[in-house]
Amino acid sequence: MEQSKFDIRSGALFPWYYQLVGVLFTLIGLIFILENLIIALILIPIGTLILTGRSGIEINTIAKTYRSYYSFFFIKSGKQFPFQAVEKLYVNANKVKQTMYTAHTMQSSTFENRQFDAYIKFDNGKKEHLSSDKKKDKLMNRLKPLSEAVALPIVDNSIN
């Protein structure tokens, strides 16, 4: 039986340094749970909120609906939209630059990476971001079941 519901997670809503703070809040809250319950009841929910914040898209090919969602505490929220057909599945390449400064000398280093982004375009003209990855092969393998379900090839707009 062919899969009809696809849940493609785009990634975390918060960058890694906020997630580190979320881990620290959760751990500190767990440490304080017996000594100071009020601090624990404040820190643990904030930490888990940061750690569970995700975004993604759900596509149902039988009911012909899609929903972009945000998820906190594993509860998804977002409005469903109907579509008649999928016009295009495609992958673009982007250069991502990140500049980091040292704390004491204020010297900087710039890191440049290539990132691949997958998109879906519906017949109503709406485009939605599906997923991102640094490795194109991983991204293409993740999109293959959706591509087969909507009977469309994945258009590769990235230059090798």
Side-chain angles (χ1 to χ4, degrees), residues 1-83 86 89 91-122 126-147 149:
M1 187 170 144
E2 196 171 292
Q3 183 180 0
S4 65
K5 291 184 180 181
F6 297 91
D7 184 2
I8 302 170
R9 292 175 192 90
S10 297
L13 286 178
F14 300 101
W16 68 269
Y17 40 89
Y18 283 112
Q19 290 192 3
L20 179 64
V21 170
V23 168
L24 291 175
F25 277 13
T26 304
L27 289 176
I28 291 169
L30 290 173
I31 290 169
F32 276 96
I33 204 159
L34 294 176
E35 293 179 24
N36 194 337
L37 190 60
I38 295 172
I39 291 176
L41 290 176
I42 293 171
L43 291 179
I44 291 174
I46 292 172
T48 53
L49 177 93
I50 293 169
L51 292 175
T52 60
R54 299 275 183 257
S55 66
I57 185 169
E58 288 181 333
I59 302 169
N60 188 333
T61 57
I62 291 177
K64 301 247 186 223
T65 59
Y66 71 93
R67 171 173 82 151
S68 290
Y69 67 83
Y70 293 112
S71 170
F72 294 100
F73 299 113
F74 307 108
I75 300 170
K76 298 175 185 173
S77 65
K79 187 177 177 188
Q80 282 196 346
F81 296 101
F83 68 91
V86 174
L89 281 170
V91 174
N92 292 340
N94 297 314
K95 282 186 181 178
V96 179
K97 286 185 180 181
Q98 182 178 12
T99 303
M100 299 182 101
Y101 295 93
T102 59
H104 299 290
T105 62
M106 290 304 289
Q107 292 179 342
S108 66
S109 296
T110 302
F111 301 97
E112 190 173 303
N113 292 314
R114 195 165 174 189
Q115 180 174 323
F116 299 94
D117 294 312
Y119 296 91
I120 188 169
K121 184 177 182 185
F122 296 102
K126 294 275 187 175
K127 289 185 277 186
E128 293 286 338
H129 181 261
L130 292 174
S131 188
S132 298
D133 206 309
K134 290 182 181 178
K135 296 183 181 177
K136 183 167 63 171
D137 295 336
K138 274 177 74 174
L139 184 61
M140 296 292 247
N141 287 336
R142 210 174 314 143
L143 295 177
K144 192 172 281 192
L146 177 61
S147 171

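For the numbers below, each heavy atom of this structure counts, side chains included, while hydrogens, waters and symmetry mates do not.
- Listed by first then second residue, pairs satisfying salt bridge (charged side-chain N to carboxylate O under 4.0 Å, His left out) with a partner in residues 22-35 number zero, not counting sequence neighbours.
- Leu143 contributes atom CG, which lies 6.0 Å from atom CD1 of Ile8 (distance to the nearest 0.5 angstrom).
- Checked against side chain to side chain donor-acceptor pair (under 3.5 Å), Arg142 has the following partners two or more places apart in sequence or in another chain: Ser131, Asp133.
- Gln19 contributes atom CD, which lies 9.0 Å from atom CG of Leu13 (distance to the nearest 0.5 angstrom).
- Summarising the geometry, atom CG belonging to Asn141 is positioned 11.5 Å from atom OG belonging to Ser147; distances are rounded to the nearest 0.5 Å.
- Of all non-hydrogen atoms in Lys5 and Asn60, the two that sit nearest each other are CE-ND2, 3.4 Å.
- Residue Lys134 places its NZ atom among 12 or fewer non-hydrogen atoms of other residues, nucleotides or ligands, all under 6.0 Å distant.
- Surrounding CZ of Phe74 are at most 12 heavy atoms belonging to other residues, nucleotides or ligands under 6.0 Å away.
- The ring-ring contact (aromatic ring centres under 6.0 Å, His included) contacts involving residues 10-62 comprise nothing, where partners must be two or more places apart or lie in separate chains.
- Distance check: Glu112 CD to Thr99 OG1 gives 10.0 Å after rounding to the nearest 0.5 Å.
- Rounded to the nearest 0.5 Å, atoms CZ (Phe6) and CG (Leu146) are 5.0 Å apart.
- For the side chain to side chain donor-acceptor pair (under 3.5 Å) test, no residue two or more places apart in sequence or in another chain qualifies with Ser108.
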Using atom types as modelled, flag every donor-acceptor pair under 3.5 Å from a side chain in residues 39-48 to any protein atom, sequence neighbours excluded.
residue, atom, partner, partner atom, Å
Thr48, OG1, Ile44, O, 2.9
Thr48, OG1, Pro45, O, 3.2

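- Rounding to the nearest 0.5 angstrom, the gap separating the CZ atom in Phe72 from the CG atom in Leu51 is 12.0 Å.
- For the residue pair Gln115 / Asp117, a side-chain donor-acceptor distance below 3.5 Å is found, with atom types taken as modelled.
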Side-chain donor-acceptor contacts of residues 64-71 below 3.5 Å, not counting sequence neighbours, with atom names and distances?
residue, atom, partner, partner atom, Å
Lys64, NZ, Gln84, O, 3.4
Arg67, NE, Glu58, OE1, 3.1
Arg67, NH2, Glu58, OE1, 2.8
Ser68, OG, Glu128, OE1, 2.6
Tyr69, OH, Asp7, OD1, 2.5

Next item on the list: Let me see the working for Leu130 and Leu89 under side-chain contact (heavy atoms from CB on, under 4.5 Å), right down to the final yes or no.
Entry: CA-CA 9 Å; Leu130 292 174; Leu89 281 170; 3.8 Å; yes
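- A donor-acceptor pair is defined here as one N or O able to donate and one able to accept, closer than 3.5 Å; such a pair exists between the side chain of Thr61 and the backbone of Ser4.
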